[in-house]
Amino acid sequence: MTAKTLRVAVTRRLPASVEARLADLFETKLHHQDAPLAPAALIALAQDVDVLAPTLGDKLDAAFFDAAGARLRLIANFGAGTDHIDVAAANARGVIVTNTPSVLAEDAADMAMALILAVPRRLVEGVRALEAGAFHGWSPTWMLGRRVRGKKLGIIGLGRVGEAIARRARAFGLSIHYHNRSPINPHIEEALEATYWDSLDQMLARVDIVSINCPHTPATFHLLSRRRLELLQPQAYVVNISRGEIVDEEALATMIEEGRLAGAGLDVYERGAPSEKLLKAPNVVLLPHMASATVESRIEMGERMIINIKMFADGHKPPDRVILGLDQDRAPDAG
Ligand code: DGY
């Protein structure tokens, strides 16, 4: 099969240059609406193609793969996280799954760092107060936040994004602590002067800011459970740009409301959007899943996705295959 006869379907609108390149290379069915397809429409689309290029929000479970039919051979996900795809079910039916790792790590880390600064320094609250006409001149006691320099940052999942956050945090005078399944390369650990904690519980009890950067898998669902959140010190902050399901959001919102945690900076939510309780909680900065949202990152994600499809079309193994037990278990980044 030549690349041009390979049928590719995209499930969402993508950057124009990415769509143009896809259409040049393959027989491509683009998707101009920017809303997720209903499950039945997703199946109908997949039944007719060799490659499906889905993204976050497209739930590809075992039932999807049962219904998709034999033609489908590759799922070229536009995005790093693949928790919306049942990779085991895909592989069991001979379907390869690829993602777009690395290209969004630096942009995502910028946003995590922005949250690490914004919550303790009350950045959004200050902007809102000014806009509401509540600023009447500098005062020694108004809008006091907490100093960031000298604090301990605990990173859960020191993969690509976690490492990029750690580099930034070092420049802001934070010390780096991390919890992974196993320690990272000693040269990187040394360069970051990072402290490895085998026990997540012990790390949580000692850090001032927690940054969640592991993927969402069955093993990391509610990794920050109520019990673990209670291990944090009351002056601690939680930052999450990975996946909402990793934190017990209800417990987090309650603890912030009751002053048992200092605040949170979140880009992702357990049920897609923040709960009412979280929206009303004090000391929170809530973003609409935009950590990797730069023009550059989206184009590079598209290029990476195209490379995977092209390699597959040429009869090679696509470079970014999602390997169960490797990508999902070594606690890297979901972006
Ligand atoms: C991803 O690629 O999985 C990210 O969450 C997008 O920001």
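In each ligand, atom 1 is the first atom listed, and ligand 1 is the first ligand listed. In what follows, every heavy atom counts, from backbone to side chain, and hydrogens, waters and symmetry copies are set aside. Because the structure is a prediction, the values reported are computed rather than measured. Sequential numbering from 1 along the given sequence is applied to the chain's residues.
When all heavy atoms of Lys59 and Phe64 are compared, the pair lying nearest together is O-CB, 4.4 Å. Between Thr220 and Pro215 the shortest heavy-atom distance is OG1-O, 2.7 Å.
Here's the thing with Gly81: one of its N/O atoms is less than 3.5 angstrom from an N/O atom of ligand 1.
Only the side chain of Leu56 comes within contact range of ligand 1, with a heavy atom under 4.0 Å; no backbone atom does. Residue Thr100 does not touch ligand 1, judged by heavy-atom distances below 4.0 Å.
Between Arg243 and ligand 1 there is a heavy-atom distance shorter than 4.0 Å.
Partners of Glu296 according to the salt bridge (Lys or Arg N to Asp or Glu O under 4.0 Å) rule, which considers only residues two or more places apart in sequence or in another chain, do not exist here. Applying the side chain to side chain donor-acceptor pair (under 3.5 Å) criterion to Glu250, with sequence neighbours excluded, gives Lys277.
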Derivation and outcome, side chain to side chain donor-acceptor pair (under 3.5 Å), residues Thr82 and Asn77
CA-CA 8 Å; Thr82 52; Asn77 187 55; over 6 Å; no

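Near Ser292, meaning under 4.0 Å from any of its heavy atoms, are these atoms of ligand 1: 6 (C), 7 (O). When each atom of ligand 1 is checked for a heavy atom of Leu104 under 4.0 Å away, the hits are 2 (O). Numbered from 1 in the order shown, with element, the atoms of ligand 1 that lie under 4.0 Å from a heavy atom of Gly79 read 2 (O).
The CZ atom of Arg168 lies 10.5 Å from the CD atom of Glu163; values are rounded to the nearest 0.5 Å.
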